[in-house]
Amino acid sequence: MKESKKIPGEKPARSMNFIEEIIKEDIRNGKNDGRVHTRFPPEPNGYLHIGHAKSICLNFGLGEKYRGKTNLRFDDTNPIKEEVEYVDSIMEDVKWLGFDWEDRLFYASDYFEQLYEYAVILIQKGKAYVCDMPADEISATRGTPNRPGKDSPYRDRSVEENLDLFIRMRSGEFPDGARVLRAKIDMTSPNMHMRDPVIYRILHASHHRTGDTWCIYPMYDFAHGQSDSIEGITHSICTLEFEVHRPLYDWLIREIGIYAPRQIEFARLNLNYTVMSKRKLLELVQEGKVTGWDDPRMPTISGLRRRGYTPESIRNFAEIIGVAKRDNVIDVSLLEFCIREDLNKRADRVMGVLNPVKVVIDNFPEDRVEEMEAMNNPEDPARSTRKVPFSRELYIEREDFMEDPPRKFFRMTPGREVRLRSAYIVKCESVEKDPKSGQITVIHCTYDPMTRSGMPDSNRKVKGTLHWVSARHAIESKVRLYDRLFSVPDPDNAEEGKTFKDYLNPDSLNVVKGYLEPSIREAQAGDTFQFERKGYFIVDKDSRSDALVFNRVVALRDSWAKTGHQK
RNA sequence: UGACCCAUGGUGUAAUGGUAGCACAAGAGAUUUUGGUUCUCUCGGUUUAGGUUCGAGUCCUAGUGGGUCAACCA
C-alpha cells in the first residue's frame, strides 16, 4: 500500500527517518489527536556537545516539521552533580543553534511534589516498597544479566508500613542511604531494570532550584517518563542505551495510571578523532588539557562556536548524518565539509601571511603605495570590493617560494612569473640567504606595470596566484591554528595501560604571528573571514582592536598538499 | 551462561516485496586572478547459510559479527 499523502509542513526533499515514519503513522491513526510534542531533556551536569546538537536538532526539528511543540526540560534529579552554570550554558547553546522553547522551559524538579504523589499511589497499590538494605546488598541481590536476583526481605512490608516509612524518609528522619523506595516488579526478570528498581533515594543535599525542600530525590526512571507524561509529550526520543529502560518506563506509567507518551530510541552521534562523553570532556577541562569547556578544540557546542562553526553548519550537519538505530562513527571530514560549505558563501576574503618571507619589488618606487581593489567574496559579487595597499616590500608565504621546485609547483620560483592576487604579475630575479643557516631572507622580484589587475595585460596566463601583504601596512596579529584534539580516530578505545588522554594530539594548537592586510582592523569578535588560500578564521573573544586574535576554523581543501609533493 | 537492539561501498544514510540511490571521503579531468569554489567522470556495497515468493537489501529460521543491560548516575 503506497500512500503518498503529504502531511502538512513536510519537506519532500529528504526521505523520512524511522522516527518520522512512526510519527507519520501516529498522525495517520489519529493518535494524540494528531498532536506532536517532543522535548529535549538534558541533565545540567556538563556542557552540551555536538552529540547533543544532533538530539536538539532532531527534537526541535520534529516539532517544527509537524507543527508541534518542543519543550526544554532539565532533568535535574541529582543535586550532587548539577549546577546552575550548566543550566545557563545549555540554554545559551540551544538558543544559539536557533531553537526556541518559547514559554516551555521546565525542570523535572518542578514536578517533585507530583512525583512524590505518584510514588504514594504505587505504594498504595502494593507496587512499591521501602527497602532497608544498604546499596551493596541491593546490588548483590540483584543478580546478573545471566542470573536472576533474590527478593528483598523487605519486599512484603504492608502498605501501611511502607507509607509510614516513605513519609518519614521525606521528613528527613533517616540518613543518606538508610532506605530506598523500590518498585515491586520482578526480581527474576531477564531485564535488570525490572528487578525492583530503586525509584527514590535519600539525599540530604541542596538542590540548585529546590534548595533544602527535599531530602529524597526520584531516580531517573521515576522522573523521566512521568515528566514526559505531565508535559503531554507524544514522542519521547532518547538514545539507544535507554532501550532496556522502556519496559520500566511503560510499566510505571501504566501502574500510576497516567497519560502514556511513547519512547523511541535512536543511535547517538559518534565522531572520530574526539571523545564525546561528558565525563571525559570534564576530565580534559579539570586537568587543564584544554583551556575550558569552550576551548575551540572541544566537540562542545560552545567550543565549536568559539572555533567558528555557525549554527547553520551544525544544523545542516545534523540533517546530513541522518537518524537511525545502528551504531555509527561519523568522519570529522563531514563536519568540516559543512562548515566550509557555509563559510564559503558568507565569509569575506582577506589576505594574510602566516609564515612570511620578505619580497622586494626592485623596480617598484620606494615610497609609492598603490591601492589595489580586491573582491570581498567572489561567490557573491554584491559584497563589493575593498582596497589593499601595495608597496615595494611585501610578505608572501614562505612555502610559496621554492628555489628548486618539484614539477607541478605553480608558485614562485626563480625566473618564473606568478600573479600576486588582485595586484601585479611579478618575477623572481634573485634571492638573499642567511650565510649560516642557508635560509632565504629576501626574495627579489620585478613587477610588470602593465599587469595590474583589470589591465589588459593582466589576462596573461600565469601558473600561480599568490596572496601577499604589504610589509609596512601589515597588521600583526595572533593566529591560533587548531588541529584535531586527538591523533587517533578512536581515542575511547585505548590499548592496555593507556587512557584516552594518552592520544591527545600534541600539535592540536599552534600559535603563530599573522601579517594581515589593514582592512582587517575593523574586525569584531565573532567575525569570520577566509584568509585566501589558507582557510577560514574567526576573531576570538580574546581579541582587542590593537591586538587581534584569530582562530582557524578549518583549512581550505588543499589538493596540492594531498599530492604529497609539498615539503 | 541470559535478555534486548543492530547489520547496505572506506564513512554515513535511502530504497516500505519489483532497476541498490544520495552525501562525505578517495581518484581523474574541465573551469578558475584562491592548487579554493563550481562542473563532469571514476572507484566502490546488501554479514553468512537455508527458507517463503514469479521476484528478497526488504519477510521467516539459524549462524556470524557488533552494541546495550548487573549506580541509591542520567
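Not measured: the values here are computed from a predicted model. Numbers restart at 1 for each chain; the letters A, B, ... are given by sequence-line order, proteins then strands.
What separates CD of E241(A) from P of U68(B) is a distance of 9 Å, to the nearest Å. Between the C1' atom of C5(B) and the CG atom of D327(A) lies a distance of 9 Å, rounded to the nearest Å. Atom OH in Y536(A) sits about 10 Å away from atom C1' in U34(B), given to the nearest Å. Protein atom CG of L165(A) is 19 Å distant from nucleotide atom P of C72(B), rounded to whole Å. Put simply, CG on L48(A) is 14 Å from C1' on A74(B), counting in whole angstrom units. Atom-to-atom, CG of N328(A) to P of G9(B) comes out at 14 Å; the value is rounded to the nearest Å.
Taking 3.5 Å as the limit, the base of G67(B) and the side chain of E243(A) contain no donor-acceptor pair of atoms between them. Between the side chain of R326(A) and the base of U8(B), at least one donor-acceptor pair of N or O atoms lies under 3.5 Å. Between the side chain of R557(A) and the base of U37(B), no donor-acceptor pair of N or O atoms lies under 3.5 Å. If you check distances only, the side chain of N146(A) does reach the base of U1(B) with a donor-acceptor pair under 3.5 Å. Checked by distance alone, E379(A) brings no side-chain donor or acceptor within 3.5 Å of a matching partner on the base of U38(B). Applying the 3.5 Å distance criterion, the base of A74(B) shares a donor-acceptor pair with the side chain of H245(A). One N or O donor and one acceptor, one from the side chain of R411(A) and one from the base of G35(B), sit under 3.5 Å apart. Side-chain atoms of S422(A) and base atoms of U33(B) include no donor and acceptor less than 3.5 Å apart.
For C4(B) and G10(B), the C1' atoms lie 30 Å apart once the distance is rounded to whole Å. On the P atoms, U42(B) is 41 Å away from U61(B), given to the nearest whole Å. For G36(B) and A30(B), the P atoms lie 13 Å apart once the distance is rounded to whole Å. Taking atom C1' in both A71(B) and U8(B), the straight-line distance is 38 Å, to the nearest Å.
Listed pair R142(A) / C72(B) meets the phosphate criterion, a side-chain N or O lying under 4.0 Å from OP1 or OP2. Between K562(A) and A26(B) there is a side-chain N or O to OP1 or OP2 distance below 4.0 Å. Between R147(A) and A70(B) there is no side-chain polar atom (N or O) within less than 4.0 angstrom of OP1 or OP2. Contact check, T77(A) against A74(B): a side-chain N or O comes under 4.0 Å of OP1 or OP2. Look at R201(A) and you won't find any side-chain N or O under 4.0 angstrom from OP1 or OP2 of A71(B). Residue T144(A) has no polar side-chain atom (N or O) positioned under 4.0 Å from OP1 or OP2 of U1(B).
For the strand RNA chain B, secondary-structure stems (runs of at least three Watson-Crick or G-U pairs, all distances below 3.5 Å) span B:2-7 with B:64-69, B:10-13 with B:21-24, B:26-30 with B:38-42, B:47-51 with B:59-63.
Partner of H467(A) under the side chain to side chain donor-acceptor pair (under 3.5 Å) criterion, out of R533(A), E532(A), K534(A): R533(A) alone.
Under the 3.5 Å distance criterion, the side-chain polar atoms of E43(A) are left unmatched by any main-chain donor or acceptor of D75(A).
Both stacking criteria are satisfied for W560(A) over the base of G35(B): a centre-to-centre distance under 5.5 angstrom and an angle between ring planes under 30 degrees.
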